[in-house]
Structure formats: C-alpha cells, structure tokens
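Please read the structure below before turning to the comments.
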Amino acid sequence: MPEIEQEGLPRPTEPGRKRERRRRHRPWLVRYWWSVPLVLGVLLVPVIWNLLFRPSNSGEALSGYIADSNKVDLEYQMYMGKSLDSAAAAQFERATDLMRQGNYSNAALVLETTSKEIPVPAVFNDLGVLYGKLKDGPHSLRAFRDALARDHDYAPARANLKKMNLADSAAPGASELEPNNDNSQANPVWLDRPLQASINSGVGDVDCFWFITPRPPRDRVSVAVVSQSATFIPRLRVYDQTGNLAAGIKEAPGPGASVRFDFSPPPNTLYYVQVDGVSASSGAYALAVSGLHAYDVYEPNDTILTATRIVPGQTVDANIMDGDDTDFYSFTSATAGMLTVDIVPRSDSLEMGLGSFAPDLHNLGFAPDPKSPGDAIHHQMQVEANQVYYIQVFSKNDTIGPYSLSVK
C-alpha cells in the first residue's frame with residue numbers, strides 16, 4: 001500500500017543526489033586538483049630545459065672572441081676608409097648575442113654573412129674562434145687565414161692559433177699546395193711574399209690563388225708570374241670575388257718569359273689569380289703580388305669630404321695614379337680677394353683638369369682645359385675672408401703622372 005506523505009516533514013533524499021550536491025559545493029581547486037601539476041609542468045619545462053642544456057658560461061664571451069663593436073668599427077675605418085654602416089654593425093652585435101647564448105652554430109652563420117659586409121681581421125678572428133668551438137678545424141683555419149691576410153701580425157688571431165696548435169698552418173707556405181685547380185681550393189698569397197709553383201705537363205693543370213688588396217689608401221697592385229722554365233709560357237687571369245675578369249687574359253710573349261698585370265683595385269678586397277700554360281706548356285714559376293705604393297702622401301683624398309688641408313703659399317707635389325684617381329684639397333682664405341691656383345704637370349703626357357668649390361660645397365666651375373698634354377693650368381678664383389674653399393685636381397683621357405700644385 002503506497003505511503004502517504006506527511007505534511008510538514010522533509011522528504012527523504014536519494015544517496016546519488018546527495019553526493020552530487022556535495023561535489024557541486026566543493027572548491028574549484030579540490031575538484032580540478034589534477035590541473036595544477038599540469039600547468040606547473042608546462043611553465044617549468046622551458047626553465048628546466050635551459051638549466052640542463054644551456055652552457056654554463058652563457059652570457060660570457062668565448063675566450064679569444066672580440067666582442068667589442070667599437071674595435072670592429074675602428075678596424076673598418078682603417079681597412080675600408082669609412083665609417084661602419086649601422087645595419088652591418090647590428091649584424092655583428094646579433095652574432096655576438098648568439099655567441100653569448102651559447103648558440104655557436106647560428107652565431108657562425110650570422111658572422112659569415114657579416115664578414116662580407118665587414119671584412120676586417122676582428123670579424124674573421126671571431127669566426128675562427130666559433131668554428132674552433134664547433135670542432136670545425138678547416139673552417140677555423142680558413143677564417144684565421146682571412147684575418148692574417150689583412151694583417152700578417154694580427155695579435156688576437158696569432159694567439160688563438162697558438163692556443164689551438166694551428167700556428168704553423170696559418171701562414172701560406174713558400175710553395176703551392178695541390179689540389180688548387182679551382183677557386184674553391186685556391187691557395188692564399190700574401191702581399192710581397194712570392195710563392196713557388198709549377199704547371200704539370202699533360203693534365204691541363206691550372207693553379208688558383210687568392211689575395212687581399214692593401215688597406216687604404218687605394219694603391220696600384222702588381223700581379224706577376226715569372227717563368228722559371230725555358231719551355232713554360234705563363235698565362236694569367238685575375239678575377240674579382242664575383243667571378244668577373246679584372247682585365248683581359250694576359251700571356252707571356254714566349255717560352256721562359258714573364259707576364260705581369262698592374263691594376264688599381266679597391267682596398268681590402270678579395271681577388272683570385274689563375275695561372276696556366278699557353279699551348280699546354282708546363283714548368284716552374286714564381287707568383288708575386290705586390291702593392292706598388294703609387295699613391296702620394298696626401299692620400300686618401302678622393303672625395304671632397306676627405307680633402308687634404310693645405311695652406312696658401314704651400315707647394316704640393318702629388319700624382320695622378322690612374323684614370324680613376326682624383327685629388328681634393330681645401331684651404332682657408334686669409335683675406336677677401338682673388339687667389340690663383342697653379343697646376344704644373346711633371347710629365348709631358350699628363351693632361352690636367354681643375355674644379356673649384358665654395359664653402360657650402362657647391363661647384364664654382366672648372367678651369368679652362370689646357371691646350372695639350374703637359375701644359376700648366378693657371379686659374380683665378382674670387383674668395384671671401386676666413387672661408388674654407390675646395391679644389392679638385394683630376395686627369396683627362398686616362399693620363400697619369402706627377403704634378404705640382406700651389407695656391408697663392
């Protein structure tokens with residue numbers, strides 16, 4: 001018989017419904033306790049990973065690494081003749097940051113790119129240190145050689161090579177090392193240090209070398225192949241770093257003769273040399289790359305911003321080194337009036353030109369052209385008192401030679 005509910009009395013609660021009510025009123029942390037260690041794990045994994053796998057010297061520069069960007073900037077001015085671009089400087093600092101984090105592989109990749117923009121000894125030294133840390137001996141040695149090719153006595157690179165027991169391997173030897181049949185295997189040649197080599201017979205032998213042009217000021221450079229065999233007719237090619245011929249192919253006039261190529265490359269720049277034999281000739285030879293010191297003592301003054309300061313009444317003895325050479329000078333006028341600029345060629349073949357510029361650098365005009373090569377220029381210019389003026393001396397028709405200049 002069904003039970004009759006009594007009015008005013010509480011209705012009995014089912015056990016399942018009671019547990020559900022208790023669970024609903026429990027605190028969030030109690031109900032979802034399992035999520036706490038999960039969240040903490042997600043947050044702590046990166047920290048634990050860095051503690052376990054990041055090098056203990058994180059934040060510190062590697063021994064022998066040059067981290068001072070100011071030193072790099074000073075070297076850039078020395079080797080390139082201008083201030084370092086801010087974007088290139090930022091790349092160097094990025095490589096340094098990666099090195100401090102212990103990310104040596106990526107630091108080396110960034111620095112390889114940076115070295116094309118900042119080709120100075122400090123950058124190549126740092127590359128050598130990074131590759132040494134990565135146990136990459138060949139790339140480390142190549143980087144230190146790149147540093148020493150620009151400064152044979154660069155102390156940081158010398159010290160690092162000694163510490164790595166590579167000191168005897170860094171300098172190019174007195175003779176070539178085979179294989180060197182293409183530019184990727186090219187032997188280094190230092191300026192003013194001749195190297196002995198030979199073209200082997202019957203194998204289509206080609207010898208490849210690389211060198212770095214002198215630091216500023218820009219100079220004439222001689223590349224000479226001196227045959228040391230009565231049968232060898234040397235042939236010479238010089239390429240820039242993009243693979244373009246610096247000039248046409250040069251060939252010796254006959255067996256046992258020498259061949260030489262003189263040119264005026266930019267400073268601190270990589271070039272390649274290839275030597276082989278004309279008509280499959282072979283034999284021993286010597287290769288020499290030399291700076292000719294063809295610039296005058298007033299260089300570098302190829303731009304108006306690097307003009308050489310002279311004094312009215314002073315006589316300047318200088319020269320036009322090649323068709324691309326131009327010389328800027330500046331002087332301060334003591335009084336207002338007319339000044340005379342005299343240029344006297346010291347070569348009968350030199351044909352001169354003269355330009356003048358105001359204190360605000362705008363062009364005041366050019367002197368009349370001389371009637372023939374070897375003729376002097378006498379030019380007058382109106383000046384104001386205590387103002388800086390500029391003059392530009394240049395050659396016409398690719399003529400070269402010495403000259404004298406005076407302002408009075």
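Values in this document were obtained by computation on a predicted structure and should not be read as measured data.
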d(L62 CG, E60 CD) to nearest 0.5 Å is 10.0 Å
Please confirm whether the backbone N or O of N103 pairs with a side-chain atom of Q101, one donor and one acceptor, at under 3.5 Å? no
Strictly below 4.0 Å, N to O, side chains only: are D262 and R260 in salt-bridge contact? yes
Are the side chains of R220 and P265 in contact, using a 4.5 Å heavy-atom criterion? no
With rounding to the nearest 0.5 Å, note down the distance linking OG in S140 to CZ in R145. 11.0 Å
Is K82 atom NZ crowded by more than 12 heavy atoms from other residues, nucleotides or ligands, each under 6.0 Å away? no
Counting only N and O atoms by type, is there a donor-acceptor contact under 3.5 Å from the side chain of D192 to the main-chain atoms of S290? no
Which atom names give the shortest non-hydrogen contact between S349 and P373, and what distance separates them? O-CB, 3.7 Å
Taking it one step at a time, do F124 and F144 satisfy ring pair (Phe, Tyr, Trp, His ring centres under 6.0 Å)? CA-CA 6 Å; F124 291 112; F144 286 127; over 10 Å; no
Shortest non-hydrogen contact from Q314 toward Y298: NE2-OH, 4.2 Å
Minimum heavy-atom separation for L111 to F92, with atom names? CD1-CD1, 3.9 Å
With the side chain counted from C-beta on, respond yes when H379 and S356 share a heavy-atom pair under 4.5 Å apart, and no when they do not. yes
OH of Y79 to CZ of R150: how many Å apart, nearest 0.5 Å? 9.0 Å
Using atom types as modelled and distance alone, determine if a side-chain donor or acceptor of T308 lies under 3.5 Å from a backbone N or O of Y329. no
F261 and F263 aromatic centres sub-6.0 Å: yes
Is there a side-chain contact between M321 and R218 (heavy atoms, below 4.5 Å)? yes
How about Y389 and F357: are their ring centroids closer than 6.0 Å? no
Exercise: identify the closest heavy-atom pair between L405 and I343: CD1-CG1, 3.8 Å
Main chain of Y390, side chain of S330: is a donor-acceptor contact present, judged purely on distance under 3.5 Å? no
Do the side chain of T335 and the main chain of A385 share a donor and acceptor less than 3.5 angstrom apart? no
Is the W190 ring parallel, tilted or perpendicular to the H152 ring (thresholds 30°, 60°)? parallel
Taking C-beta and beyond as the side chain, do E176 and L195 meet within less than 4.5 Å on heavy atoms? yes
Approximate separation, where rounding is to 0.5 Å, of F209 CZ and L287 CG: 5.5 Å
For L177, does its backbone N or O pair with a side-chain atom of N187 as donor and acceptor, under 3.5 Å? yes
Got a sec: does the CG of D348 have more than 12 other heavy atoms crowding it under 6.0 Å? no
Looking at side-chain heavy atoms only, is the closest gap between Y239 and N244 below 4.5 Å? no
For the residue pair P253 and S258, what are the closest heavy atoms and their distance? CD-O, 3.8 Å
Whether over 12 other heavy atoms sit under 6.0 Å from R215 CZ: yes
Separation of T306 OG1 from D327 CG (nearest 0.5 Å): 9.5 Å
Could you check if a side-chain atom of D205 sits within less than 4.5 angstrom of a side-chain atom of E178, using non-hydrogen atoms only? yes
Which of L354, V393, V344, V341 passes side chain to side chain contact (heavy atoms under 4.5 Å, CB included) with I377? It is L354
Do Q392 and I304 have side chains that get closer than 4.5 Å, going by heavy atoms? no
List the atom of G254, the atom of I233, and the distance in Å for their closest heavy-atom pair. C-CG1, 3.7 Å
S281 and I199, any side-chain heavy atoms less than 4.5 Å apart: no
Can you tell me if E117 has over 12 outside heavy atoms packed within less than 6.0 Å of its CD? no
